[in-house]
Amino acid sequence: MTQSTILAIETSCDETSAAVVVDGREVLSNVISSQVPVHQKYGGVVPEIASRKHVELINSVVAEALELAGKTFADLSAVAVTYGPGLVGALLVGLSTAKAMAYTLNIPLVGVNHMEGHIYANFLAHPELEFPLVCLVVSGGHSDLVYMAGHGQYEILGRTRDDAAGEAFDKIARALGLGYPGGPLVSKVAEEGDDQAILLPRAYLEPDSLDFSFSGLKSAVLNYLNRAEQKGEEVNKADLAASFQRAVTDVLVDKTMQAARLKKVKTILLAGGVAANRQLRESLAARAADHNLQVFYPPPILCTDNGAMIGAAAYFKFIKGIRAGLTLNAVPTLKLGIEEY
Ligand code: KG4
Ligand code: ZN
């Protein structure tokens, strides 16, 4: 079989990224232009600014991805693009670019779900992965427990009923005056703290539920800060960050283990921006090892948004003959496993 060289574009939020991936495994380039410094002064992503920045950056990011890969447009087998979930204006920039390329080069267009991309970052890092498996996908917008019996087969076992795990990190970081994005900043401060210092709630919901809820935890942290302020007491930020991180991690690890038991799998994956969290990785790996289960996660650069993960997911669709038309549109609330083209 001839090799497939896919150029993959990701613009769903605040990273403008393009990558060249061969056969869904070999990353020839993965250019990520982060807009974090632009949004930092607003304390979060401003959608309108994100779209404008993507427009400014996308052509040079694509050109750089091709150049670093040592490829030209003529070498491409297909172009892949994230079409949801995400910010509609941001998604449309990547989509327009990908569609223009597919049309002018007369090559197939493959639409990819952003969350599917996060999961497939694991296949780039660990080509030996085998099904069935359970994946915890934790990002700024999602906290999903997903069962996969094979490529492209997704059964959602649980999801968040309110805030996503990454969103909770971001909101707590803002409340602690740490800045954006919150996850890495909270976990850095937490390193100096005692994670047993402040008792915070853990929401397990109904006994069999694999859903998550982080809004109660978030409110508890905000209330703790407000009370301290009213009493004029100094808050130990490191202890609060560590206790918060421990509460999030405990629930994520417990429910992931519960899902693995329910589905009787031997393999657990972590995916999404929050999968870069060291405590989560270490706690889950330790618990899984006690039960002879294996845990895999991508390196941090492939956990947060990037084009290579989209190229990896696209490959498995491409070889199945899945193609999008040039009418492919942005679907901001796209669900995993439900193709909208
Ligand atoms: O997957 P991602 O890059 O974008 C979305 O699809 O949302 O995830 C971003 C989220 C942010 O909420 C960020 O605070 C969180 O991932 N994050 C982390 C860490 N690194 C990124 N959360 C906890 N610990 C980290 N080290
Ligand atoms: Zn993401």
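Just so you know, ligand 1 is whichever comes first in the structure, and atom 1 is the first atom listed for that ligand. Model, not experiment: these values are computed from the prediction. Just so you know, these numbers use all the heavy atoms, side chains as well, and skip hydrogens, waters and symmetry mates.
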Chemist: Tell me the protein heavy atom at minimum distance from atom 22 (N) of ligand 1, and give that distance in Å.
Modeler: Gly183 CA, 3.2 Å
Chemist: Which of the atoms in ligand 1, numbered in the order shown and given with their element, are less than 4.0 Å from a heavy-atom of Thr304?
Modeler: 3 (O)
Chemist: Quick check on Ala276 - does any of its heavy atoms sit under 4.0 Å from an atom of ligand 1?
Modeler: yes
Chemist: Could you find the nearest protein heavy atom to atom 15 (C) of ligand 1 and give me its residue, atom name and distance?
Modeler: Val274 CG2, 3.9 Å
Chemist: Counting from 1, what ligand 1 atoms have a heavy atom of Gly141 closer than 4.0 Å?
Modeler: 7 (O)
Chemist: Between Glu167 and Lys171, does at least one N-O distance fall below 4.0 Å, as a salt bridge requires?
Modeler: yes
Chemist: Between Ser77 and Ile107, which heavy-atom pair has the shortest distance, and what is it?
Modeler: O-CB, 3.9 Å
Chemist: Within 2.8 Å of the Zn ion (ligand 2), is there any N, O or S atom belonging to Cys13?
Modeler: no
Chemist: Polar contacts were defined as any N/O atom of the residue lying under 3.5 Å from an N/O atom of the ligand; does this apply to Gly140 and ligand 1?
Modeler: yes
Chemist: Taking it one step at a time, do Ser12 and Glu10 satisfy side chain to side chain donor-acceptor pair (under 3.5 Å)?
Modeler: CA-CA 6 Å; Ser12 68; Glu10 156 64 42; 2.7 Å; yes
Chemist: Tell me if the centroids of the rings in Phe131 and Tyr154 come within less than 6.0 Å of each other.
Modeler: no
Chemist: Could you go step by step and tell me if Lys255 and Asp211 meet the side chain to side chain contact (heavy atoms under 4.5 Å, CB included) rule?
Modeler: CA-CA 8 Å; Lys255 296 224 173 205; Asp211 282 350; 5.5 Å; no
Chemist: Which atoms of ligand 1 have any heavy atom of Asp305 under 4.0 Å away?
Modeler: 1 (O), 2 (P), 3 (O), 4 (O), 5 (C), 6 (O)
Chemist: For His114, counting its heavy atoms only, list the atoms of ligand 1 lying under 4.0 Å from any of them.
Modeler: 6 (O)
Chemist: Would you mind checking which non-hydrogen protein atom is closest to atom 21 (C) of ligand 1, with the distance to 0.1 Å?
Modeler: Gly273 O, 3.3 Å
Chemist: Name the closest protein heavy atom to atom 24 (N) of ligand 1, giving the residue it belongs to and the distance to 0.1 Å.
Modeler: Asn277 ND2, 3.0 Å
Chemist: Heavy-atom contacts under 4.0 Å between His118 and ligand 1: side chain, backbone, both, or neither?
Modeler: side chain
Chemist: Going by the order shown, which atoms of ligand 1 are within less than 4.0 Å of some heavy atom of Gly166?
Modeler: 12 (O)
Chemist: Check whether Ser139 reaches the backbone of Gly272 with its side chain - one donor and one acceptor, N or O, closer than 3.5 Å.
Modeler: no
Chemist: Using 30° and 60° as the class limits, which term best fits the ring planes of Phe214 and Phe212: parallel, tilted or perpendicular?
Modeler: parallel
Chemist: So, do His151 and Tyr120 have ring centers that fall under 6.0 Å from each other?
Modeler: yes
Chemist: Short check: any N/O/S atom of His118 below 2.8 Å from the Zn ion (ligand 2)?
Modeler: yes
Chemist: Starting from the Zn ion (ligand 2), look over the N/O/S atoms of Asp305 and name the nearest one.
Modeler: OD1
Chemist: Looking at Arg174 and Asp170, is any side-chain nitrogen of the basic one under 4.0 Å from a carboxylate oxygen of the acidic one?
Modeler: no
Chemist: Between Asp170 and ligand 1, which residue portion shows a heavy-atom distance shorter than 4.0 Å: side chain, backbone, both, or neither?
Modeler: side chain
Chemist: Do Ser213 and Asp162 pair up side chain to side chain, a donor and an acceptor below 3.5 Å, judged on atom types alone?
Modeler: yes
